[in-house]
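Shown below is the structure under consideration.
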Amino acid sequence: MGTPLSGVAAEQYPRVARFYTPETWIEGRSEDQLDHVAGWPGIARVAAFPDLHPGRHGPVGAAFLADRLYPQLVGPDIGCGMALFRLSLPRRRLKLDKAVRRLSALDEPMPAGAAEEALGAADLAGISGTGLGTIGGGNHFCEVQEVVAAEDADLATGDLCLLVHSGSRALGAGIFARLAARWAEGFAEDSPAGRDYLELHDSAVRWAALNRRMIALRAAEALGADLEPICDAPHNLVTRAGGGWLHRKGAAAPEAGRAPLAGSRDDLSFLLAAAPGAEALWSLSHGAGRRYDRSAMHGRIRKHRSGLDAMTRNRFGGQIVCADRDLLIEEAGSAYKPVTRVAEDLEAFGLARRAATLAPLLTWKTGARR
DNA sequence: ATGTAC
């Protein structure tokens, strides 16, 4: 389909590179998925990270270099990523109960005029603003965090930050669904479907980054603070790299040498100073990685009232707002691997170092009951 | 992942 890949795609590196140590638990099925995708037509190389876990169309926590486009290796949430912002709010001025009440603004849709204006300023005029500024479901969140250690010039111990994990909402899902029937062997970049996908994909990537910024702006406004962007690293996207098409699925593309590494809502998060090279397909872990899938979590959590109430507090004394009972269970801290293990592996392979450590104070999922 | 599909 495409031209054979040369350079970094050739024998210089292993076809399947794994950047995790034996100390890190990896579900066997995700390694099977990794090997399976590595055998698809036109796949030159794959790199897997310590947050690897099984996904619907292939493993999550991996990057794939191909001579063609495979939309299923990006998935429906095109452009999804993690963005970190510093808040101009002293820790002593954050009152959790009041913040919980005010952050319910995140559940409301943005006024249509404001959404349109933001889209126009981001060169996305004419694209639907439905869902812009809202978090969505699944593993997405907007979290107030406190810096507990920092070597980064933009952060100091005691600073408050927002970590936003969200994507392109219905926009990416719609693009994915429309092209779903035509994937099997991927698209050549110069085919009509390939060109269509790339154009729609690129706008969804920009829409998703704008969405994270709008979520952070709305949260900062609710908290009465100003916002300073630290970095925004997408982890579901395809870009030109390494002489081919680099697909990332739950694999972070660092921005200017930095990327957030999100722990669960009951764990630390890190700001990584990152220099992953060709061997790691220029990518990093995006988070802790799931240990148990959603359905398994329903069997693992005792669902009496006091147990569920306890799940709205984290080990740092912080609070979780998630009125959707199923989501509260499915996204429990115990559903994820320890993020420190993931960071240690990335450091062991020289892909990144921890430049800041952050603890969650308030995780906003949804205030709406289901 | 999803203004969630029947």
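Just so we're on the same page: letters track the sequence lines, and every chain starts at 1.
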Practice problem: Scan side-chain atoms only and decide if A:Arg248 and A:Ser283 contain a donor-acceptor pair under the 3.5 Å cut-off. | Solution: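 Yes - a donor-acceptor pair under 3.5 Å links their side chains.
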Quiz item: Which atom names give the shortest non-hydrogen contact between A:His286 and A:Asp51, and what distance separates them?
Solution: ND1-OD2, 2.7 Å
Quiz item: Across the strands shown, which category fits A:Gly136 at heavy-atom distances under 4.0 angstrom: base, sugar-phosphate, nothing?
Solution: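 The residue A:Gly136 makes sugar-phosphate contact but no base contact.
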Practice problem: Could you tell me whether the side chains of A:Tyr13 and A:Arg45 share a donor-acceptor contact shorter than 3.5 Å? | Solution: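 The answer is no; no qualifying pair exists.
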Self-check item: Electrostatic pair A:Glu143:A:Arg265 at N-O distance under 4.0 angstrom
Solution: no
Exercise. State whether the number of non-hydrogen atoms from other residues, nucleotides or ligands found under 6.0 Å of A:Glu199 atom CD is greater than 12.
Key: no
Exercise. For A:Arg294 and B:dT2, give me the distance from atom CZ to atom C1', rounded to whole Å.
Key: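 Whole-Å distance recorded here is 12 Å.
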Quiz item: Under 4.0 angstrom, heavy atoms only, what part of the nucleic acid is A:Gly174 near: base, sugar-phosphate, or nothing?
Solution: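 No contact.
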Practice problem: Could you tell me the separation between the CD atom of A:Gln72 and the C1' atom of B:dA1, rounded to a whole number of Å? | Solution: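 A:Gln72 atom CD is separated from B:dA1 atom C1' by 15 Å.
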Quiz item: What pairs meet the side chain to side chain donor-acceptor pair (under 3.5 Å) rule with one or both residues in residues 200-209 of chain A, with sequence neighbours excluded?
Solution: none
Self-check item: A:Leu237 CG to B:dA1 P, straight-line distance once rounded to whole Å
Solution: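 Answer to the nearest Å: 16 Å.
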Quiz item: Strictly under 6.0 Å, is that where the ring centroids of A:His57 and A:Phe176 end up?
Solution: yes
Quiz item: Whole Å only: how far is the CD1 atom of A:Ile78 from the P atom of B:dT2?
Solution: 13 Å
Tabulate atom names and distances for all N/O pairs under 3.5 angstrom spanning the protein and nucleotides 3-6 of chain B.
from  : atom 1 : to       : atom 2 : distance (Å)
B:dG3 : OP2    : A:Arg169 : NH1    : 2.9
B:dG3 : OP2    : A:Ala170 : N      : 2.8

Quiz item: Are A:Trp364 and A:Phe141 an aromatic pair by the rule of ring centers under 6.0 Å?
Solution: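 No, the ring of A:Trp364 stays outside the 6.0 Å limit from the ring of A:Phe141, centre to centre.
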Quiz item: Which parts of residues 206-219 of chain A get close to DNA chain B, meaning a heavy atom less than 4.0 angstrom away?
Solution: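 Per residue number, the list is empty: none.
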Quiz prompt | Interatomic distance, A:Asn236 CG vs B:dA1 C1' [rounded to whole Å] | solution = 8 Å
